[in-house]
Amino acid sequence: MEQKKLVAQAIVDATDGQLSLDEVMSKIEVPKSYDLGDYAFPAFILSKVYRKAPQQIAPELVEKIDQDGFDKVEAVGPYVNFFLDKKSFSKNVLAAILQKKEGYGQQDLGHAGNVPIDMSSPNIAKPMSMGHLRSTVIGNSLAELLKKANYNPIKINHLGDWGTQFGKLIEAYKLWGSEEEVRKDPINTLLKYYVHFHEVDEKQPELDDEARAWFKKLENGDEEATNLWQWFRDESLKFFKSIYQKLGIDFDSYNGESFYNDKMDEIVDLLEQKNLLQESRGAEIVDLEKYGLNPALIKKTDGTTLYITRDLAAALYRYRTYNFAQSLYVVGNEQTNHFKQLKAVLKEMGYEWADNIHHIPFGLITSGGKKLSTRKGNIILLEDVLNDAVDLAKKQIAEKNPDLPNKDQVAEDVGVGAVIFHDLKNERLNNFDFNLEEVVRFEGETGPYVQYSHARAMSILRKAGNIDLENAQLAGLNDEESWEVVRQLSNFPAMVGRAVEEYEPSVIAKYSIRLSKSFNKYYAHTKVLTDDDQKDSRLAMVASVAIVLKESLRLLGVNAPNEM
RNA sequence: GCGCUUGUAGCUCAGCAGGAUAGAGCAACCGCCUCCUAAGCGGUAGGUCAUCGGUUCAAUUCCGAUCAAGCGCACCA
């Protein structure tokens, strides 16, 4: 960044103030090829001012530029190409990383503002599928990223522990359930009842009425209903937590939908006071015509509440509790409309802070091209995927590194890491069809590739012994392969910034691959542990790579074993 | 019908908020371990950047239209 400004200033000086620093800054680009330098200025915009071809202007600019502090400045066609002083630049970057360690890349974008993140949010009595993985893993990574940018994230697991489906579940349990069966295998048994309910329900729609009645009882605090509900919830949560542990993710709050049960009257009252509620087809709605949206259904004909009513209560509660700088919802793309409605209703209520609510949508995971559906039993169990991945990692270890210590832990790190990384590697909004082989792949642009690169770096450092790199006088590096690594290293802070601004963990995932690639290339080309005057600099670079790779993986929620 | 999202190599995807010959990974074929972990490195092959217009010195990138796919569109969440 500093360097870019230096380059821009050089251009400004050479053009006698024809262009402002900002103008030049926005035009300066990074060439894609090594031999075109580190920064380039395209001279096209000057052709109007000087009434000359840009190909003529470029060499004239080079004449006027003070080449001090650069390895070289040259004109190629209409471009002025700048080559940084590699030795001093690399020395500075490496020294900074070694000094800041995992604090490298930290920045103050958030001024310690609170950011509740609504994430994961599985439904009670249903298994976690690959769809929940996305929300969990994206939310977790965003939390880490926000923390690094000096926000204070609050991870909220907004459990789906309320709603008509509990009426259905209770009805199903009353009809076909056995306590013993549920105790043995809670989730799968409850799921079985739920799926069965929907099968029977097709032919006996009157079951729906029964289910609705049970939910109504639940909302009114009926003892039997409440006890069953509590039991289902406890069992489910126990199971969910085992998966979260495997993923290495925890939450600051498990306040789910039921938590807002007693906070909805206030919302309804407020809406009434503000004259926003209308009756329509026997239900209570808020008209959102002027936002170009469908009306928001606040209360059903039978008087029970809906999803959006609870979300309104939750939004208000979060505002009061956290006085948030931003409030994020990591929820699938298919719910975009719901969040537009949510924000619109809050706006209608006069809450300006609705502008700080952001829906972070992500693409749909399908299986065999079809949408996953709990009701239809078309699900991919997250548990199975994680187990498969870890098993595969164990096999790889047995094959490639049988003497490895902590085999089981490393297999967990690598297997789970592969699954998480696969999910975060691509842009959030991309849909993808689930393919186990692809998810648990360990070669190519994958999590294990990055982990492996880190492990290799650590291995070199181990062999180097105790060297005080922090206080060493670095000579700097200037060969082509190390230059690519240094450039990548210097980009890390900017990548963190972009990932935070775009709420996009994939920025970091892709960056970590790029850094790994440049490092592996370097590794294949240069022997680090050779005694000469650049050895300390090479080691400093290897140490920096290890730090930044580990930190990148951490921001994604992936562990980086020292050996694998 | 309306809204949101997407359309780049056989497959999966990048392309830094317009620029110099469009890049990876996988799959295919061919090389590289007496040398710091071959979960690696290198090479070959593969593209009218969905189509048509517009803005610009310059468009895969911005705007509009068309086509195709996915997802939504009141008593599920």
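Below, each value reflects all heavy atoms present in this structure, side chains not excepted, and no hydrogens, waters or symmetry copies. Every chain is numbered from 1 and lettered A, B, ... according to where its sequence line falls, protein lines coming before strand lines.
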Next on the checklist: So, does A:K340 get its side chain near the phosphate of B:rC4, meaning an N or O under 4.0 Å from OP1 or OP2?
Outcome noted: no
Next on the checklist: Treating primed atoms plus P, OP1 and OP2 as sugar-phosphate and everything else as base, which nucleotides of nucleotides 37-42 of chain B get B, S or - for protein heavy atoms under 4.0 Å?
Outcome noted: BSBSSS
Checklist entry - What is the distance, rounded to the nearest whole Å, between atom NZ of A:K27 and atom C1' of B:rG18? => result 7 Å
Checklist outcome for this item: Of the listed B:rA14, B:rG15, B:rU21, the closest approach to the A:L36 side chain comes from B:rU21
Checklist entry - Tell me, what's RNA chain B's dot-bracket, Watson-Crick or G-U with both distances under 3.5 Å, | for other-strand, [ ] crossing? => result (((((((..((((.....[...)))).(((((.......))))).....(((((..]....))))))))))))....
Item to check | Heavy-atom protein contacts under 4.0 Å, nucleotides 69-77 of chain B, coded B base, S sugar-phosphate only, - none | outcome: -SSSSBBSB
Next on the checklist: Can you measure A:F44 atom CZ to B:rG18 atom P for me and round it to whole angstrom units?
Outcome noted: 15 Å
Item to check | Pairing of A:K527 and A:D532 as salt bridge, 4.0 angstrom limit | outcome: no
Checklist entry - Between B:rC62 and B:rG18, how far is it from one C1' atom to the other, in whole Å? => result 8 Å
Checklist entry - Taking only residues two or more places apart in sequence or in another chain, which ones pass ring-ring contact (aromatic ring centres under 6.0 Å, His included) with A:H454? => result none
Checklist entry - Rounding to a whole Å, what distance do you find between A:R487:CZ and B:rC16:P? => result 15 Å
Checklist outcome for this item: A:M495 atom CE is separated from B:rA14 atom C1', nearest whole Å, by 13 Å
Item to check | From A:H359 atom NE2 to A:T336 atom OG1, the distance as rounded to the nearest 0.5 Å | outcome: 5.0 Å
Item to check | Parallel, tilted or perpendicular: rings of A:F432 and A:H422 (30°, 60°) | outcome: perpendicular
Checklist entry - Rounded to whole angstroms, how far apart are CG on A:N430 and P on B:rU12? => result 11 Å
Checklist entry - Under 6.0 Å from the NE2 atom of A:H525, do we count more than 12 heavy atoms belonging to anything else shown? => result no
Checklist entry - Which pairs, with at least one residue in residues 279-291 of chain A and sequence neighbours excluded, count as a side-chain hydrogen bond (donor to acceptor under 3.5 Å, both in side chains)? => result A:K290-A:E348, A:Y291-A:E348
Checklist entry - Who are the side-chain hydrogen bond (donor to acceptor under 3.5 Å, both in side chains) partners of A:K517, not counting sequence neighbours? => result A:E445
Checklist entry - With a 6.0 Å cut-off on ring centres, are A:H132 and A:F240 close enough? => result no
Item to check | Lys/Arg N to Asp/Glu carboxylate O, A:R487 vs A:E484, below 4.0 Å | outcome: yes
Checklist entry - Syn or anti: how is B:rA27 classified when any glycosidic angle within 90° of 0 counts as syn? => result anti
Item to check | Geometric class of the A:W229/A:F166 ring pair [parallel <30°, tilted 30-60°, perpendicular >60°] | outcome: perpendicular
Next on the checklist: Tell me the interatomic distance from A:L424, atom CG, to B:rC13, atom C1', rounded to whole angstroms.
Outcome noted: 15 Å
Next on the checklist: Tell me whether the count of non-hydrogen atoms from other residues, nucleotides or ligands lying under 6.0 Å of NZ in A:K168 goes above 12.
Outcome noted: yes
